[in-house]
Amino acid sequence: MANYNFKLVEQKWQKIWEENGTFEAVDNSEKEKFYALVEFPYPSGAGMHVGHIKAYSGLEVVSRKRRLQGYNVLFPIGFDAYGLPTENYAIKTGIHPRKVTDMNIEKFTAQLKRVGFSFDWKRVIDTTDENYYKWTQWIFLKMFEHGLAFRDKTLVNYCPSCKVVLSNEDSQGGKCDICHSDVVQKSKDVWYLRITEYADKLLEGLEEVDYLPNVKLQQINWIGKSRGAFVNFKINEVPEELRIYTTRPDTLFGVTFMVIAPEHPLIDTYQEKIANFSAVEDYRKECAKKTEFERTQLVKDKTGVRLEGITAKNPVNGKDIPVYISDYVMMSYGTGAIMAVPAHDQRDYEFAKKFGIDIIEVIRGGDISVEAYTGDGEMVNSDFLNGYDNKKDSIARMIEFLKEKGIGEEGVQYKMKDWAFNRQRYWGEPIPIVHCEHCGLVPVPYEELPLKLPEVENFEPGQDGESPLAKIDSFVNCKCPKCGKDAKRETDTMPQWAGSSWYFLRYIDPHNDKALAAPEKLRYWGAVDWYNGGMEHVTRHMIYSRFWHRFLYDIGVVPFKEPYLKRTAQGLILGPDGVKMSKSRGNVIDPNEVVDVYGADVLRTYVLFMGDYEQAAPWSESSVKGCKRFIDRIWKLQEMLTEGDDYSKELSSAMHKTIKKVSEDIESMKFNTAIAAVMSLLNQIYDKGSITRAELRDLLLIVNPFAPHITEEIWEAQGFGGQLNAAAWPSFDEAKCVDESIEIPVQVNGKIRERIMVSPTAEQAEVLELVHTLERIQEECAGKTIVKEIYVKGRIVNIVVK
RNA sequence: GCGGGUAUGGCGGAAUUGGCAGACGCGCCGGAUUUAGGAUCCGGUAUCUUGCGAUGUGCAGGUUCAAGUCCUGUUACCCGCACCA
């Protein structure tokens, strides 16, 4: 038999699938639906990465299996094409981003098709297509209408190199996510989306979805809900009260000072009351110079300045306490002011030690001469709380007390902040708002959407973070849609997260020009049944899109609450050197080359076989060859084919077991062991030297999701009828998975001394009887008392002797 | 600091959830085939030991007839978040 020519075969089937629309999803079919979603790629100039292949291969296998099982599968793909790399490339080369994007999408499409992914190519979306971003703008306007999109002047994270305002998410660690230069703080008028209003809904929604536990946890931590209390402290010298947030109202009797953030407005309001205002000013200037990074990352000595001339009163015991400013308190969390309890908070403790402030123990259990005690225990020095357990009763009693006296109340805080929703860049969705001197912020009328991105020559951002759009007079100058007078357009564009926040909805009805998707199609397809992607997207992208989706649900646009019913994540593919792939290290594997040399089926099989799907694993060229051998061995099965519409006696249980194993492992994403099971079966077939038609047929079916090309080819060559993709996934019989007799070990005192063949259904008495006839066991037991005899059915015998 | 994860042969990794540790693959060794190389096929391959046997899942204890798996303590590495009051 001729060697397997993967090049011809793979091309042949890819063409057939495309021409026949084999994998196109059917709207409103009678079949049960299954919506599988993978994170759509950013079409970069570098082309696809093997990481993309692994990310898509998981649900690709699940989707192909589900189709064979009779589901109507929606497995779409698209392109998240707005973003800085394309724009930067355009600036460098002078080629328009539209052109760059189209070229890259073409490249990605060709690569994806070469791998044989069973995407529905009729539903491809491109976030930069005006028919798509029309609806991104539409959702934005709906949010504006409902007060969820607003403008505010605040300090923003600003990247001086990229000249853009960054969200907190994009500037983690004080470094720009894109160019990694230091982020500085800058005051600017920016757009925000009020995601904090949805914090609780986003938390509650997690209860009804099936995400990996660590995915849920990361989202919970990201939202960062904490419960505590707001307490108002009187300031002796001025009428205004100082409001703080604390999670530990039980420790109020231990408050010996207060700290406010350097940016706290109280300082300016009452500067004439502050005796040492110039020293305070100096300290504030010093803090402003520090980047967010220095302020949060380089945690060393506590610094601060006391506000001379200002004292606060502890509301529970009336004691006067000093007020300091220090940069360990952030304006952006809570109220920008804290009550300091040095005995029970390490930061306050360090500050108190440095400034010589009293430390009063209110919870017993630690040694406050050494460090703050943050554990639980009995309350002391706390008046009406004395003797209570701080954890059990004190917090509730204190909150009760605060409410009664009108000095405070229960409160909730979130770490999550509102979403800074704009970029001063060209290659993004224009924000459809008009600034009118008379009417204020006026939305572009819905019927005028899409507000198209104008053609420009020069994509360089303006100085001071001005969008390139600001230079286009024909775009900027317009009439106010409300009063008709001269007005100016918003020139900022949306951040890259915008388009990806609702793309899964567009796949359901990608060509609709009346709505983002038709209601009946939304009802039929419903939520994404299974979403797979990278761990790096489980907070930002997923939280943003859950927020958008929940908003659309609340205003009645979509009929289901949560967008993703199940979420899994694949592990990274590391370079052959065991380190994350990067151009600079030169350890990047190009999937194209793998397809050229070994074929798509080998690439697909390898990325799933290389290790646990959810775990990182290094690339190994020689292991790829192992998968090549596996594929070739499947081809050669045809040489040992014998007639037979049944499984052979010898292979029957192996066939049933393998079908069971592969069926189950695919569902739990244990692709590596599924493939291993097929390899094992293959070894058994080779040992035997023959395979019946029935065996080959079912083997082809279970291998098909992994290696679709070769299995279709053999299916056709051996005349199993029609195309494999129209056949049905084989079933297995639990009863037939069992061997007639199995070998089990016999232990004496936990050490294996013999092995016996028994029927898997044999009872303990029967097995033990057999065991005692064994010479070796008799020797081991001779002269000793049998204490205990254990038989675990089908597993092991252990005899305990003394 | 807080949260999460990982640790098993020369390598990637399995292990029915407490029941034969090392499935499957790679690599390596030997054999067959081949003019040769490659490819392919067959056999072997945790460690120590000539053998009997003993040891072995980061480390130290414990529970159990039985522990990679459970409990206590501990170390290293990876990933998040990070002065969140």
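Throughout, a chain's letter reflects where its sequence line sits, starting with A, and its residues are numbered from 1.
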Look at the side chain of [X] and decide which nucleotide, out of [options], has an atom nearest to it.
X        : options                : result
A/Lys751 : B/rC26, B/rU55, B/rA85 : B/rU55
A/Asn214 : B/rG4, B/rC26, B/rG13  : B/rG4
A/Ser226 : B/rA14, B/rG80, B/rA85 : B/rA85
A/Arg753 : B/rG27, B/rA14, B/rA54 : B/rA54

Open item on the list: Would A/Arg604 and A/Phe706 count as a cation-pi pair here, with the cationic atom under 6.0 angstrom from the ring centre and within 45° of the axis?
Closed with: no
Open item on the list: Here's one to test your reading of the geometry: is the NZ or CZ of A/Arg633 within 45 degrees of the ring axis of A/Tyr686 and under 6.0 Å from its centre?
Closed with: yes
Same-atom distance ([atom1]) from [N] to [M], integer angstrom:
N      : M      : atom1 : result
B/rG58 : B/rC77 : C1'   : 10 Å
B/rA7  : B/rA14 : P     : 9 Å
B/rG10 : B/rU47 : P     : 7 Å
B/rC24 : B/rU45 : P     : 12 Å
B/rA32 : B/rG53 : C1'   : 35 Å
B/rA60 : B/rG9  : P     : 15 Å
B/rG22 : B/rU40 : P     : 27 Å
B/rU17 : B/rG12 : P     : 27 Å

Task: Inter-residue atom distance A/Cys627.SG - A/Asp632.CG, 0.5 Å rounding - done: 11.5 Å
- [ ] Using a 90° cut-off around 0 for syn, call B/rU33 syn or anti.
- [x] anti
Task: Syn/anti state for B/rG58 [syn: chi within 90° of 0] - done: anti
Distance in angstrom units between [X] [atom1] and [N] [atom2], rounded:
X        : N      : atom1 : atom2 : result
A/Ile244 : B/rC83 : CD1   : P     : 19 Å
A/Asp577 : B/rC11 : CG    : C1'   : 14 Å
A/Glu350 : B/rA85 : CD    : C1'   : 14 Å
A/His344 : B/rA85 : NE2   : P     : 17 Å
A/Lys657 : B/rA15 : NZ    : C1'   : 15 Å
A/Lys415 : B/rC83 : NZ    : C1'   : 12 Å
A/Met535 : B/rC79 : CE    : P     : 13 Å
A/Lys54  : B/rG12 : NZ    : C1'   : 11 Å

Task: Test of ring centre spacing under 6.0 Å for A/Phe609 and A/Phe671 - done: no
Open item on the list: Please report whether the ring centroid of A/Phe6 lies less than 6.0 Å from that of A/Tyr598.
Closed with: no
Using modelled atom types and a 3.5 Å cut-off, is there a donor and acceptor pairing between side-chain atoms of [X] and backbone atoms of [Y]?
X        : Y        : result
A/Tyr613 : A/Val607 : no
A/Gln413 : A/Ser226 : no
A/Arg546 : A/Leu202 : yes

Do any side-chain nitrogens or oxygens of [X] fall under 4.0 Å of OP1 or OP2 in [N]?
X        : N      : value
A/Arg629 : B/rU40 : yes
A/Lys670 : B/rG13 : no
A/Tyr245 : B/rA85 : no

Open item on the list: Judged by each residue's nearest nucleotide on RNA chain B, which is more toward the 5′ side, A/Thr539 or A/Leu217?
Closed with: A/Leu217
Open item on the list: Which is more 5' along RNA chain B, the nucleotide nearest A/Arg633 or the one nearest A/Gln218? Just name the residue.
Closed with: A/Arg633
Counting any heavy atom closer than 4.0 Å, what does [X] reach on the DNA or RNA strands: base, sugar-phosphate only, or nothing?
X        : value
A/Ala340 : nothing
A/Arg776 : sugar-phosphate
A/Asp632 : nothing

Task: Secondary structure string for RNA chain B (Watson-Crick or G-U under 3.5 angstrom, | for other-strand pairs) - done: (((((((..(((......[....)))((((((.......))))))(((....)))..(((((..]....))))))))))))....
- [ ] Could you pull out the closest heavy-atom pair between A/Phe233 and A/Leu252, with the gap in Å?
- [x] CZ-CD2, 3.8 Å
- [ ] For A/His344 and A/Val362, work out which heavy atoms get closest and say how close.
- [x] NE2-N, 3.0 Å
Candidates [options] - the one meeting side-chain contact (heavy atoms from CB on, under 4.5 Å) with [X]:
X        : options                      : value
A/Lys788 : A/Asn798, A/Ile799, A/Val800 : A/Val800
A/Val538 : A/Ile543, A/Leu212, A/Val215 : A/Val215
A/Arg248 : A/Val341, A/Ile363, A/Asp345 : A/Ile363

Open item on the list: Could you tell me if the side chain of A/Ile338 sits less than 4.5 Å from the side chain of A/Asp348, heavy atoms only?
Closed with: yes
Task: nucleotides 19-24 of chain B: protein proximity per nucleotide (B base, S sugar-phosphate only, - neither; heavy atom, under 4.0 Å) - done: BBS-BB
Open item on the list: If you go through the side-chain atoms of A/Lys302, does one of them form a donor-acceptor pair with the base of B/rC83 closer than 3.5 Å?
Closed with: yes
For nucleotides 7-9 of chain B, tabulate all protein N/O to nucleotide N/O atom pairs closer than 3.5 Å, reporting atom names and distance.
none

